[in-house]
Structures are given as structure tokens and as C-alpha cells.
Visitor: 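Sharing a structure here in C-alpha cells format.
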Amino acid sequence: MKEEPIEINCMNKILIVDDEIYNIIAMKIILGYTFKIKNIDDVCDHAMNGQTALEAVMKDINRNHGNFSCYNLILMDCNMPVLDGCDAT
């Protein structure tokens, strides 16, 4: 029996994880300018530490019935409080 491919009907999203808000803002500006994204806030989400990043990804996967995440790219800082980027990854 042949399985039907899963239809992905969400936007391609980016998750930026950093404990410094200025780094998040700078990354959004760079991404928006480089890839000519007009509404960067519609494409990018952010988290302030590894724990909230994991929660955001799990929430996204659960919203899609456990099949996939809409995050195609996660940019993660390595040195953060609570749960650092290396452990979160």
C-alpha cells in the first residue's frame, strides 16, 4: 500500500534563539534585507533561551499533529541562561 505524502500548508519559518534582544533584532534586519522579506515578523519567531526554543518547536510540531515543524531554520546562540544552545540542540 502506497502512503500519500504529507501536505505541508504552513509558511517556511525561522526561529531565532538568543538571550540578547538586540542580536535578535539585528538578525531579523539582516535576514529581511538579504532575502528581501518585507514582513520579517511574519516569518521569524524568537526565543530568549534554549528551553523556550524547545517549547516553541514542540508547540509547532503539536499544532501540526506531530508530523512536522514549520521551522526550516533555527539560529541558536550557544551561550544562554536556563538552557544553552549546545544542550538545546
Side-chain angles (χ1 to χ4, degrees):
M1 187 173 194
K2 191 174 183 180
E3 286 186 320
E4 295 294 320
I6 297 171
E7 182 179 334
I8 299 175
N9 57 6
C10 66
M11 290 177 47
N12 298 326
K13 299 210 45 146
I14 300 168
L15 178 61
I16 302 171
V17 187
D18 200 305
D19 58 330
E20 294 290 333
I21 192 67
Y22 298 109
N23 292 342
I24 294 170
I25 293 168
M27 188 57 63
K28 285 183 176 183
I29 292 169
I30 292 167
L31 288 168
Y33 180 77
T34 302
F35 298 107
K36 297 172 180 43
I37 302 169
K38 291 182 181 178
N39 298 323
I40 194 69
D41 288 330
D42 293 341
V43 177
C44 288
D45 292 334
H46 71 273
M48 299 298 286
N49 61 58
Q51 181 64 42
T52 55
L54 285 175
E55 291 168 3
V57 170
M58 291 306 299
K59 183 178 177 183
D60 188 52
I61 290 171
N62 288 334
R63 182 176 34 238
N64 295 308
H65 308 291
N67 293 320
F68 59 90
S69 173
C70 292
Y71 294 116
N72 287 347
L73 177 64
I74 299 175
L75 301 171
M76 177 117 35
D77 183 14
C78 288
N79 188 14
M80 293 181 291
V82 183
L83 183 62
D84 68 30
C86 296
D87 291 337
T89 302

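What you see is a predicted model, and the numbers here were worked out from it, not measured in a lab.
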Visitor: If you compare all heavy atoms of Asp84 against all heavy atoms of Cys78, which two are closest, and at what distance to 0.1 Å?
Guide: CB-O, 3.0 Å
Visitor: Which pairs of donor and acceptor atoms, one on a side chain in residues 48-56, lie under 3.5 Å apart (sequence neighbours left out)?
Guide:
{"unit_1": "Asn49", "atom_1": "OD1", "unit_2": "Gln51", "atom_2": "N", "d": "2.9"}
{"unit_1": "Asn49", "atom_1": "OD1", "unit_2": "Thr52", "atom_2": "N", "d": "2.9"}
{"unit_1": "Asn49", "atom_1": "OD1", "unit_2": "Thr52", "atom_2": "OG1", "d": "3.4"}
{"unit_1": "Gln51", "atom_1": "NE2", "unit_2": "Glu55", "atom_2": "OE2", "d": "3.2"}
{"unit_1": "Thr52", "atom_1": "OG1", "unit_2": "Met48", "atom_2": "N", "d": "3.4"}
{"unit_1": "Thr52", "atom_1": "OG1", "unit_2": "Asn49", "atom_2": "N", "d": "3.3"}
{"unit_1": "Thr52", "atom_1": "OG1", "unit_2": "Asn49", "atom_2": "O", "d": "3.0"}

Visitor: What residues, two or more places apart in sequence or in another chain, satisfy side chain to side chain donor-acceptor pair (under 3.5 Å) together with Asn23?
Guide: Asp18
Visitor: Could you tell me the separation between the CG atom of Leu31 and the CG atom of Leu73, rounded to the nearest 0.5 Å?
Guide: 7.5 Å
Visitor: Determine, using the 4.5 Å side-chain heavy-atom cutoff (strictly less than), whether Ile21 and Val82 are members of one ILVMFWY cluster.
Guide: no
Visitor: On a heavy-atom basis, which atom in Ser69 and which in Ile61 lie closest, and how many Å separate them?
Guide: CB-CG1, 3.8 Å
Visitor: Roughly how far, to the nearest 0.5 Å, is the CE atom of Met27 from the NE2 atom of His46?
Guide: 14.0 Å
Visitor: How close do Cys70 and Asp60 get, counting heavy atoms only, and between which atoms?
Guide: N-OD2, 2.5 Å
Visitor: How long is the gap from CD1 on Ile40 to CD1 on Ile14, to the nearest 0.5 Å?
Guide: 5.5 Å
Visitor: Is there a path of hydrophobic side-chain contacts, each under 4.5 Å between heavy atoms of I, L, V, M, F, W or Y residues, that connects Ile30 with Leu75?
Guide: no
Visitor: Using 0.5 Å steps for rounding, measure from the CD1 atom of Ile16 to the CD1 atom of Ile24.
Guide: 7.0 Å
Visitor: May I ask you to check whether over 12 heavy atoms, not counting those of Asn79, lie within 6.0 Å of atom CG?
Guide: no
Visitor: Give, for atom CE of Met76 and atom CG of Asp87, the distance between the pair rounded to the nearest 0.5 Å.
Guide: 10.5 Å
Visitor: Check the hydrophobic clustering (I, L, V, M, F, W, Y; side-chain heavy atoms under 4.5 Å; chains of links allowed) and say if Phe35 and Tyr33 are grouped together.
Guide: no
